[in-house]
Amino acid sequence: MGQLTEESLSDLLRKYRGRAGLTQAALAAKAGLSDQAISVLERGTRRRPRIDTIRALIKVLRLNKDEAAEFLAVARGKSQSAENPEPEGAPASETLPMPWQLPPAVSDFTGRTAQIEAILDVLRISDGAPSTSVRLVAVTGMGGIGKTTLAVQAAHKLVDSYPDGHLYLNLRGYGPGKPVSAVDALRQLLRSLGTEPQLIPDDVEEAAGLLRSQLAGRRVLLFLDNAADAAHVMPLLPGNPSSAAIITSRGSLSPLPGARQVRLDALSQSESVELLSGVIGQSRIAAEPAAAEALASFTGRLPLAVRLIGGRLAARPSWPIQHLVELLEDEDRRLDTLGSDETGVRANIASSVDFLQTSDRALDREAAQALPLLSVPDGADLLTVVAAHVLDVPVRKANAILERLADLNLMESVAPERYRFHDLIRAYGREIADETVALSVSHAGLERLLRFYIGCAWQCQTLTHTSSPRILLASVPPLRLPVLGNRHSALQWFDSELRNLMDRFTQATTMLAGSSLLPELALATFGYHEARRRWMEMEEMSRGAVELATKLDLPLTAAWLEHDRAIPTVENGRLESAVPHLTSALAMFQDAGDLTGQARCCSSLTYVLSGIDRVEEALEFGKQSVEISQKLDDLVLEGVAHTALGVLYNQVGDYERADVSFDRGILLAQQAGSIRSEQKRNANAAFSHLLAGRLADADRYNVTAQRIAETMADDVYRTESLQTRALILAAQGDYAAAIQQAEAGIHFAKRSADNIREGRLYLELARIQAAAGDQTTAIHNATQAVSKLTQVSPIHEKYARDLLDQLRRGDPYTYAFTNHAI
């Protein structure tokens, strides 16, 4: 064969390409090669290409049997004559093997469609679309989230784009064992490309240069799995645009220049159930669908956890799914149930924490130390300022710690200065806290957190109820943070933090049982609860608070809490139930000799007793309230008392006295300089006149209340005024105008996150539309009302359900509103 020809491979390639009438680019495209690969072959730079490359060229160039044999022989170096042997020491790397090292793709891969497409969009090479830079994709997420599985799935779809091979290397950035060093990684990659070990330099930069040279002109995909960080992979990246890389890491890879960042979150609930079905079979899912849903939730929708628990079920076909659900319900045993060896969820999370603990960086070690303590507080989210109080460090330091945990996906940054643990990472953190953090330290962190919330709540109350006597009982001073700078921003801050606060308050009732911070937090949050109508939360926090304050010898705190826990019962229509609380609070204030509290209890009893037709008692308490307030020379309290009497007089038909009382209350608010009190007293007068059928007077007071609400730019008061206006118009039979007012009120209720008011407005809108004959829309809005009011306002939920039932039966409806409409 060596005597067939003395032509070189480059000569043969040019000859046959010319005969075929193909340009270098056209030949490259047809053979699935890069333009550069054809160019280097024709220049003679590479004398021994891969056998797959030669076979592809033979096919595209349509060589006959003899031509193909000659072409193959020359490519293998067998056509050299004895007089021109291959130069001694020619690098063996010129006969590079074709590496195909990808792990197998799993057959039950589930979901992640958008992420797969994002990867393919970057790495897929289309004909006629050359790239000027190396294509890089960085896939990040917490351990067990499915980064490697996703990357493998995507890489297998890229075979046509990278015909010269796929390289796979587990860099062990987060275990098991020590991370692979850059030099060792380069050695492994170069050996996979056929480089003799003795030819690989020991210097990182020289070895990286050799790797880039070996990849030059080739279309190879590198899969660099489990990198510690961007610096870990920088020396391993190809240098020419014909090759590409996918990198996975638990840490942030944002420093990688030009890399497309793909961050993985937990699977959706439906995807988790689908994945579980792929492991244990659809028949078992169909037999216990509710248990399957619960199981997916308890695994935190983490693919690793779903597969582990699915594998356990698959190996135990006689076990019902519900049995594992019951095991996972116990948080203390949850991680054990999800695998206790090195393949389990606990070990997976621990490897990330170990990475921080063994780091040379002080911040990393501080982050590892902070994680257990940060996992102690209940609640979905963790604000930076909250973390600072839990850890007892400055806010700037807390931010650095949280960001570092987020970098390693041990926390998720859900919004600026707001972070979140995955359920299983929180469970791991609490395990470590139980083992390594003294109970006194955990309690101290929770106490600091409660003090922070108390300071914020008192600051909010100074803005919502400027003259509230409760503020005088504060042991924790108001906390003047920028986010609590005015009434609107303070209420919004509590709106976003309320559920976390309630969860941590409930947690503290067990962990810090007997602490004086508990009743104080309940008292301090009165301003927020009353302003936002959070009656359910107010009632929840009042449970046991009076008894604890009494036990701790805090008589005035106990008395105010006893008074305030009557408010949710009144707002939910249980007037009779409120009377014992108010009479008990009055007695407590009398025992303490506190006239302010006595006056407030008397005016509250006036409201409540008048509502259950105990008129004589109500009138007596009203007069007492006025007398005590005048004795104290307290204009605010006296105004409240006169307003309560106005309601009572309207109810019994003594309209002249009612007007005198209402106007006196409004005048006192003006004299006290309380625009908030002035607005509320006008609003109370408007609704009282509406109930009495005095529609013109009701409208007059409501116009003033609405004007003041606009001046205050307060959406809560705007909503109330719009609802009252809708009621007045509906009572007058002007349904079209009433509907407009109710819809405007819903807009402001949504904007202020006032679910109860929104639900009541939907209820009123349904009533008006039903009266107007629009049954279909009325049914829709009554359904909306039920949805909004369920479990937050029992009395209005009942009204909404009753109306919905009536409308669905097709019964005729005549417009009417209730005493609890506002």
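Here the side chain of R135 pairs no donor or acceptor atom with the backbone of A244 at under 3.5 angstrom. Of the possible polar contacts, one joining the R365 side chain to the S359 backbone as a donor-acceptor pair under 3.5 Å is found. Between the S277 side chain and the V273 main chain, no donor and acceptor come within less than 3.5 Å of each other. Looking at R17, its side chain does come within 3.5 Å of a backbone N or O of L22 through a donor-acceptor pair. Between the side chain of R219 and the backbone N or O of S161, at least one donor-acceptor pair lies under 3.5 Å. Not one N or O on the side chain of R301 forms a donor-acceptor pair closer than 3.5 Å with the backbone of S297. With hydrogens and angles disregarded, a donor-acceptor distance shorter than 3.5 Å links the side chain of H422 to the backbone of G300. With D364 contributing its side chain and Q357 its backbone, the two residues share no donor-acceptor pair below 3.5 Å. The main-chain N or O of P372 is found under 3.5 Å from a side-chain atom of S375 such that the two form a donor-acceptor pair. With T248 contributing its side chain and N226 its backbone, the two residues share a donor-acceptor pair below 3.5 Å.
Side-chain contact between I145 and L267 is absent, with no heavy-atom pair separated by less than 4.5 Å. Contact check for V414 versus Y419: no side-chain heavy atoms found under the 4.5 Å cut-off. The shortest distance between side-chain heavy atoms of E293 and Q269 falls below 4.5 Å. The side-chain heavy atoms of N409 and L264, taken from C-beta on, include no pair separated by under 4.5 Å. Counting only heavy atoms from C-beta outward, the side chains of V134 and L237 never approach each other to under 4.5 Å.
Here R404 contributes atom CZ and L356 contributes atom CG; the two are 6.0 Å apart, rounded to the nearest 0.5 Å. Rounded to the nearest 0.5 angstrom, E288 CD and I280 CD1 are separated by 8.5 Å. Rounded to the nearest 0.5 Å, atoms CG (L304) and OG1 (T148) are 11.0 Å apart. The CG atom of L363 sits 10.0 Å away from atom CD of E403, with the distance rounded to the nearest 0.5 Å.
For R62, the CZ atom counts as loosely surrounded, since its 6.0 Å shell holds 12 or fewer non-hydrogen atoms of other residues, nucleotides or ligands. Atom CD of Q369 has 12 or fewer heavy atoms from other residues, nucleotides or ligands within 6.0 Å. Annotation for E417: atom CD does not count as buried by contact number, only 12 or fewer foreign heavy atoms lying within 6.0 Å. Within a 6.0 Å radius of CD in E205, other residues, nucleotides and ligands contribute 12 heavy atoms or fewer.
Using a 3.5 Å distance cut-off with no hydrogens or angles, the side chains of N500 and E497 do pair a donor with an acceptor. In the model, S192 has a side-chain atom that pairs as donor or acceptor with a side-chain atom of Q101 under 3.5 Å. Between the side chains of R250 and S352, at least one donor N or O sits under 3.5 Å from an acceptor N or O. In this model, a donor atom of one side chain and an acceptor atom of the other lie less than 3.5 Å apart for E42 and Q24.
Taking 4.0 Å as the cut-off between side-chain N and carboxylate O, E366 and K397 count as a salt-bridged pair. Looking at R426 and D423, no side-chain N of the basic residue comes within less than 4.0 Å of a carboxylate O on the acidic one, giving no salt bridge.
Note on residues 172-194: pairs passing ring pair (Phe, Tyr, Trp, His ring centres under 6.0 Å), not counting sequence neighbours, are Y174-F355. Residues in residues 103-122 take part in no ring pair (Phe, Tyr, Trp, His ring centres under 6.0 Å) pair, two or more places apart or across chains. Identified under the ring pair (Phe, Tyr, Trp, His ring centres under 6.0 Å) test for residues 278-312, with sequence neighbours left out: none. Applying the ring pair (Phe, Tyr, Trp, His ring centres under 6.0 Å) test to residues at least two apart or on different chains, none of the pairs has a partner in residues 263-286. Sorted by first and then second residue, the salt bridge (charged side-chain N to carboxylate O under 4.0 Å, His left out) pairs with a member in residues 136-155 form an empty list; sequence neighbours excluded. Pairs engaging residues 263-275 under the salt bridge (charged side-chain N to carboxylate O under 4.0 Å, His left out) rule: R263-D265 [sequence neighbours left out].
Closest approach of I246 and A151 over heavy atoms only: CG2-CB, 3.9 Å. For the residue pair I401 and A367, the shortest heavy atom distance occurs at CG2-CA, 3.9 Å. What you find for V306 and S272 is that their closest heavy atoms are CG1-O, 3.8 Å. Nearest heavy atoms, A292 versus I321: N-CG2, 4.0 Å. Nearest heavy-atom pair across R430 and V376 is NH2-O, 2.9 Å.
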**Request:** For the pair L236 and L171, evaluate side chain to side chain contact (heavy atoms under 4.5 Å, CB included) and give the outcome as yes or no after the intermediate values.
**Result:** CA-CA 11 Å; L236 314 180; L171 294 169; 3.8 Å; yes

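Scored by the salt bridge (charged side-chain N to carboxylate O under 4.0 Å, His left out) test, D202 finds R187 as partners (sequence neighbours excluded). For D184, the salt bridge (charged side-chain N to carboxylate O under 4.0 Å, His left out) criterion is met by no residue, not counting sequence neighbours. A search for salt bridge (charged side-chain N to carboxylate O under 4.0 Å, His left out) contacts involving D381 returns R418, R420, not counting sequence neighbours. For H156, there are no ring-ring contact (aromatic ring centres under 6.0 Å, His included) partners two or more places apart in sequence or in a different chain. Partners of D229 under the side chain to side chain contact (heavy atoms under 4.5 Å, CB included) rule, at least two apart in sequence or in another chain, are A231, H232. With sequence neighbours left out, S787 forms a side chain to side chain contact (heavy atoms under 4.5 Å, CB included) with no residue at all.
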